[in-house]
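Structure record follows, encoded as structure tokens.
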Amino acid sequence: MFQDRHEILPEASHDEFARQAFIATMRRRFTTDLWPGTRKVYAEKLLPAFEARHGREPKDTREVYDLLNETFYFRGTNLFGRAAQEMIWDEVGESIERQLDDMIEAARPRADDKGTVRTNPDLAIPRYIDAVDIHAMPGNFHTEIRPDDVYAGALYDRGVYVFAFGGLGVQNEGLGQTGAAFASERFPDLKPRRILDIGCGPGFTTLPWKDIYPDAEVHGVDIGAPQVRYAHRRAESLGYEVHFSQQDAAAMDFEDGYFDIVCSLLVTHEMPAPHIRAMYKECHRVLAKGGVTIHDGGYPPPASPFEVVMSSWFNDNANEPFSTGFRRLDMNEALIDAGFPAENLFTGRKEPVYLKGHLPPASFIGAIRD
């Protein structure tokens, strides 16, 4: 539970740290034991009984949900997982609230900063962001509770570490490192001048690009002003020169062809399909010829109604209402519709990365700008 410290990471008291460690243990229990145990209950008890009654397997997700909901195991596991999800934000949030004034002051830009930060108070927050507390995180990524706020950024930085029980690394850097390494290995001759990380949050998917490409100008954009304010001070504290700005990924203010790599990690599953398509079109616009766009995703569709249910827990229980639709979207078709030639599309996998309680190979999908 010892996350790498930086200047703006919220400090936990002894009791706060103990409670956060307890919640992380709950999350570990849920994700590595209780939820996977649903497979055993289904395969060894529920499915054989259903087949004996009906002479077939369940034909759709409704029948699977009805079958699972007959058991206390399934209902209790869902309750346990949702409780842990809410407890993360409640506990970490209280820790931030008592020191928020100092954190806001620490986050302010300084004359000797290497990177920059821009916010846009006139930016219209899309309804799919404003109407939902993604991850059950109060206020989502963008809400400001006082001027120059950094609360949502701090909540996400520490909250994700507790959520993943440290599984993304001591700086939550795991997926960012994997995405950047995938790009450098897949395109060894690409020497990017500028790189853009869309949906950067507190910057833990952004900074690893600077490690792989130290000479590149790296940018991170996010819809939430508290995210980019926090990300800026976090990056400065950790010694990185990165440029953060508050922007909507579907309508950014960068020039055409400005970037050589445009990526998004842990973003598209939180967007409705029309907004994913709009973001892909914007990726195409801001990419230089020969540039590359990379996004996590491209997972094979669930093979059965039961697998659909197993892949939908966060959709059903943790306020990720777009994640199931994300799996149904034809990403290849969406990239082609955005302007990328079919022959320039690619997919790939990299070493396992913690993602919501298990360690699958990280899957990427992307395209090369013609």
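Worth saying up front: this structure is predicted, and the values here are computed from it rather than measured. Values below: every heavy atom of this structure, side chains too, minus hydrogens, waters and symmetry copies.
- For the residue pair D130/H142, the side-chain donor-acceptor check at 3.5 Å is satisfied.
- Taking each heavy atom of I134 and P321 in turn, the nearest pair found is CD1-CD, 4.1 Å.
- The distance between the ring centers of F346 and F187 falls below 6.0 angstrom.
- Side-chain rings of F50 and Y42 stay apart, their centers remaining 6.0 Å or farther from each other.
- Counting only N and O atoms by type, the side chains of T293 and H295 include a donor and acceptor under 3.5 Å apart.
- Checking Y280 against D337 by side-chain atom types alone, no donor-acceptor pair falls below 3.5 Å.
- Using a distance-only test at 3.5 Å, with no hydrogens or angles considered, no donor-acceptor pair links the side chain of R229 to the main chain of R108.
- Annotation: side chain to side chain contact (heavy atoms under 4.5 Å, CB included) contacts of K59 (sequence neighbours excluded): R56, E63.
- Aromatic pair Y128/H275: centroids less than 6.0 angstrom apart.
- Salt bridge K191/D215: absent, no basic N to carboxylate O contact under 4.0 Å.
- The environment of OH in Y65 is crowded: more than 12 heavy-atom neighbours from other residues, nucleotides or ligands sit within 6.0 Å.
- When all heavy atoms are compared, the tightest approach of I88 to G159 is CG2-O, 3.6 Å.
- Across V132 and N140, no two heavy atoms sit closer than the pair O-ND2, 2.6 Å.
- A salt bridge does not link K289 to D370: none of the charged nitrogens lies less than 4.0 Å from a carboxylate oxygen.
- For CD of E343, the number of neighbouring non-hydrogen atoms (other residues, nucleotides, ligands) closer than 6.0 Å is greater than 12.
- For the residue pair Q85/R27, the side-chain donor-acceptor check at 3.5 Å is not satisfied.
- Using a distance-only test at 3.5 Å, with no hydrogens or angles considered, no donor-acceptor pair links the side chain of Q3 to the main chain of R158.
- What you find for P208 and Q177 is that their closest heavy atoms are CB-N, 3.5 Å.
- A donor-acceptor contact under 3.5 angstrom links the side chains of D157 and N172, judged on distance only.
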Could you go step by step and tell me if Y161 and F204 meet the ring pair (Phe, Tyr, Trp, His ring centres under 6.0 Å) rule? CA-CA 11 Å; Y161 191 83; F204 42 68; over 10 Å; no
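- Between the side chain of K210 and the backbone N or O of V242, no donor-acceptor pair lies under 3.5 Å.
- Not a single donor-acceptor pair under 3.5 Å links the side chain of R194 to the backbone N or O of E217.
- Residues passing the side-chain hydrogen bond (donor to acceptor under 3.5 Å, both in side chains) test with D253, sequence neighbours excluded: R118, Q247.
- In this structure a side-chain-to-backbone donor-acceptor pair under 3.5 Å is missing from E57 to L47.
- By the 6.0 Å and 45° rule, R29 does not stack over the aromatic ring of F80.
- Formation of a donor-acceptor pair under 3.5 Å by the Q246 side chain with backbone atoms of I223 is found in this model.
- For the pair D296 (side chain) and L266 (backbone), a donor-acceptor distance under 3.5 Å is present.
- In this structure a side-chain-to-backbone donor-acceptor pair under 3.5 Å is present from S323 to E320.
- When only modelled atom types and interatomic distance are considered, N78 and W313 share a side-chain donor-acceptor pair under 3.5 Å.
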Test salt bridge (charged side-chain N to carboxylate O under 4.0 Å, His left out) applied to R285 and D256, step by step: CA-CA 5 Å; R285 182 187 70 80; D256 293 358; 2.6 Å; yes
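- The minimum heavy-atom distance between R39 and F306, with the atom names listed, is NH1-CE2, 3.7 Å.
- For the side chain to side chain donor-acceptor pair (under 3.5 Å) condition, the pairs that include at least one residue of residues 179-188, sequence neighbours left out, are E185-K350.
- At a threshold of 4.0 Å, the pair E7-R110 counts as salt-bridged, since one of the basic side-chain nitrogens sits closer than that to a carboxylate oxygen.
- Side-chain atoms of D260 come within 3.5 Å of backbone N or O of R193 as a donor-acceptor pair.
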Could you check H6 against L9 for side chain to side chain contact (heavy atoms under 4.5 Å, CB included), going step by step and ending with a plain yes or no? CA-CA 6 Å; H6 52 77; L9 183 72; 3.5 Å; yes
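- Checked by atom type and distance alone, the side chain of S237 never pairs as donor or acceptor with a backbone atom of R233 at under 3.5 Å.
- The shortest non-hydrogen separation linking N315 to F322 is OD1-N, 4.0 Å.
- Outside the 6.0 Å centre-distance limit, the rings of F163 and H135 are not counted as a close aromatic pair.
- Heavy-atom contacts from other residues, nucleotides or ligands closer than 6.0 Å to CZ of R127 number 12 or fewer.
- Here F314 and H269 keep their ring centres 6.0 angstrom or further from each other.
- Look at R98 and E94 and you find no salt bridge, because none of the NZ, NE, NH1 or NH2 atoms lies under 4.0 Å from a carboxylate O.
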